[in-house]
Protein chains: 2
Amino acid sequence: MKPIKISEAVVRRLPIYLRFLNELSLSGIQTVSSQDLGEKLDLNPAQIRKDLAYFGEFGRKGVGYNVDYLIEKIRQILKLDKTMNVALVGTGNLGRALCNYNMYIKDNMKIVAVFDADKGKAGTTINHLVVQPMSELSTSVRKLDISVGIITVPAGEAQNVADQFVAAGIRGILNFAPVVLKATAGVRIHNADFTAELLSLAYYMDENDEAEEGDGER
Amino acid sequence: MKPIKISEAVVRRLPIYLRFLNELSLSGIQTVSSQDLGEKLDLNPAQIRKDLAYFGEFGRKGVGYNVDYLIEKIRQILKLDKTMNVALVGTGNLGRALCNYNMYIKDNMKIVAVFDADKGKAGTTINHLVVQPMSELSTSVRKLDISVGIITVPAGEAQNVADQFVAAGIRGILNFAPVVLKATAGVRIHNADFTAELLSLAYYMDENDEAEEGDGER
DNA sequence: TAGATTGTTAATCGATTAACAATC
DNA sequence: TAGATTGTTAATCGATTAACAATC
C-alpha cells in the first residue's frame, strides 16, 4: 500500500517495545508516553515516536499511547496475529532447551517439529514432540505448514541444514550455530549467536573502570 | 596509547572474523585477502580492511593477511589471550545447556560457578560444577576472580540478578532474559535475546516472495 | 615490471536526535 | 486556556562504501 522501506534497526526494536508494553498491560497501566518508554528501554523518545510513526498514527497528542492498542498494532506489524509454525533441527542441549522453552506462546510462534541427523535419536520425545530423522524434513515442513526453521546443530553442519530448510520452502531461519550462513535471497536469516556476544563482551572488560562510557579523552 | 574510539559495530564483527580465520587455519590456509573474507562473511572488503586498520597494520599490500598472525592479533584485541572466568545464574533448561556447552574453551572463557535462587537446587551438579545458592554469589565471584556473569533466569528476576552481579564487582553481563537491564556505567551488558530475534524474523515472513531484498519499487 | 591488495581518505548513505508546529 | 505529548521535518551524527595512492 504505502511505498514503505522500514529499516532493519526499526524492526528489531519492535519486539522490545512489545514486551515492555505487555508488562505494562499486565500491571494495569493503560497509557504510556514515548518519554516513559524511552526511560525504561534506554532509548531516545524521539526515536520511539519515529519508529512507531512509520506504521501509522498510534498515539494521541498531549496524551500518549494507549497500551493495549499499541500492543495490538505492533503484533499486527510483526505478523504475530497469525500462528507461525516452527521446525527445529539439532536436539543437543541447546535444542532441547529451546523445545522446552514454551516460546511465550502468546506470540503465536510454536515449535511443531523436531529433527536430528543422528538416526539413533529419531523416535525419542522432547516436550511431547517426537524427534524425526532428517529424511522427513521436507515432507513435514510442507505438511505442517512450517515457515520458520531453527538451527541448533554444530557449526560444521549448519549450512547443510540451512540448505535443506530452504529447499523445503522455509522463509526464515534462526541460526544458533556460530557460522555465517548463505541462503537464497527471499529467505531471511537471523543469528542468535551468543558465543559472538560473549567474545565481543570480553573486549570491554578492562581492569580499571573507565567510568563514562565514551572515550575518556583525558 | 592511541586516542582510539572504536565503534561497537566494529567490535561486534571481530568475533566473526576470528571464527572464520580459525576455520581457515585449521584447513591449512595461510593467507587471506579482504576480498576472500568479504565473500565468505557477506561483508564489504573495504569494511573489513577498515575494521582491522583501527588496530594496526596487520596485512601486506599485494599479498593479504597472514591467517595465524591475524588470529593472534584479534585474540589480543578481544582480550582472549588471558583467561576470563564466568558465572552463570539460573539453572533452567537454557542455563544447563550453556553449562554443558563447553564454551569453545580455546577462547579462554570458562564458566566456573553456577547459582540458582531455588535452594532445593543447591548442591546438585551440572557438568562437574556444584550449583550454589545465591547467598554465595558475592563471595564466589571475588574468590574465583569472576569478571563476567551470564543471566538465564526468568525475565522478572533478571534485574535483581544483574544488581547482585554488579554489587559483586562483575564487569560484563550476558543477558538471556527478555528484558532491558539497567546497570551502572562501567558494567557492560550484552543481550542474547533469541525471542526478540524470532519475533523480528516474523516481520519478514510474507507469503509471496519479494525476490530482491530491497523495496521492490516496481 | 605487472598484478594484486592493503591502508586510508573522501563520498555516500543511513540512522539518531533535536526541535517544533499541531493538537489533544 | 495551559500543559503535555505526538508526528514530522531538519540537523547531526555515525557507519559503510568507493576510490586510489602506496607498496609488496
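Throughout, a chain's letter reflects where its sequence line sits, starting with A, and its residues are numbered from 1. Computed over heavy atoms, backbone and side chain alike; hydrogens, waters and symmetry mates excluded.
- With both pairing distances under 3.5 Å, C:dC13 is matched to D:dG14 as a Watson-Crick or G-U wobble pair.
- Look at B:S34 and you won't find any side-chain N or O under 4.0 angstrom from OP1 or OP2 of C:dT5.
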Treating primed atoms plus P, OP1 and OP2 as sugar-phosphate and everything else as base, which nucleotides of nucleotides 9-18 of chain D get B, S or - for protein heavy atoms under 4.0 Å?
B-----SSBB
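- For B:T195 and B:D193, the side-chain atoms include at least one donor-acceptor pair closer than 3.5 Å.
- Partner A:S34 forms a side chain to side chain donor-acceptor pair (under 3.5 Å) with one of A:K50, A:R49, A:Q47, A:E39 and no other, that one being A:R49.
- B:R12 CZ: more than 12 foreign heavy atoms inside a 6.0 Å radius.
- Ring centroids of B:Y17 and B:Y65 are separated by 6.0 Å or more, keeping the two rings apart.
- In this structure, the side chain of A:N85 engages the main chain of A:L144 through a donor-acceptor pair within 3.5 Å.
- Side-chain contact between A:L80 and B:L199: present, with at least one pair of heavy atoms (C-beta onward) separated by less than 4.5 Å.
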Under 3.5 Å, which N/O atoms of the protein pair with N/O atoms of nucleotides 21-24 of chain C?
residue : atom : partner : partner atom : Å
C:dC24  : O4'  : A:K61   : O            : 3.2
C:dC24  : O3'  : A:R60   : NH1          : 2.4

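- The shortest distance between the side-chain N/O atoms of B:Y65 and the OP1/OP2 oxygens of C:dA4 is not below 4.0 Å.
- Atoms CZ (B:F55) and P (C:dT6) sit 17 Å apart, rounded to a whole Å.
- The distance from atom CD of A:E57 to atom P of D:dT8 is 5 Å, rounded to the nearest whole Å.
- With hydrogens and angles disregarded, no donor-acceptor distance shorter than 3.5 Å links the side chain of A:S27 to the backbone of A:I29.
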Could you walk me through whether A:D42 and B:K182 pass the side-chain contact (heavy atoms from CB on, under 4.5 Å) test, one step at a time?
CA-CA 8 Å; A:D42 253 332; B:K182 304 279 186 184; 3.8 Å; yes
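- Within a 6.0 Å radius of CD in B:Q30, no more than 12 heavy atoms belonging to other residues, nucleotides or ligands are found.
- Between A:D36 atom CG and D:dA4 atom P there is a gap of 13 Å when expressed in whole angstrom units.
- The pairing partner recorded for D:dC24 is C:dG3, the criterion being a Watson-Crick or G-U wobble arrangement whose two distances lie under 3.5 angstrom.
- The nearest whole Å value for the distance from the CG atom in B:L52 to the C1' atom in C:dT8 is 14 Å.
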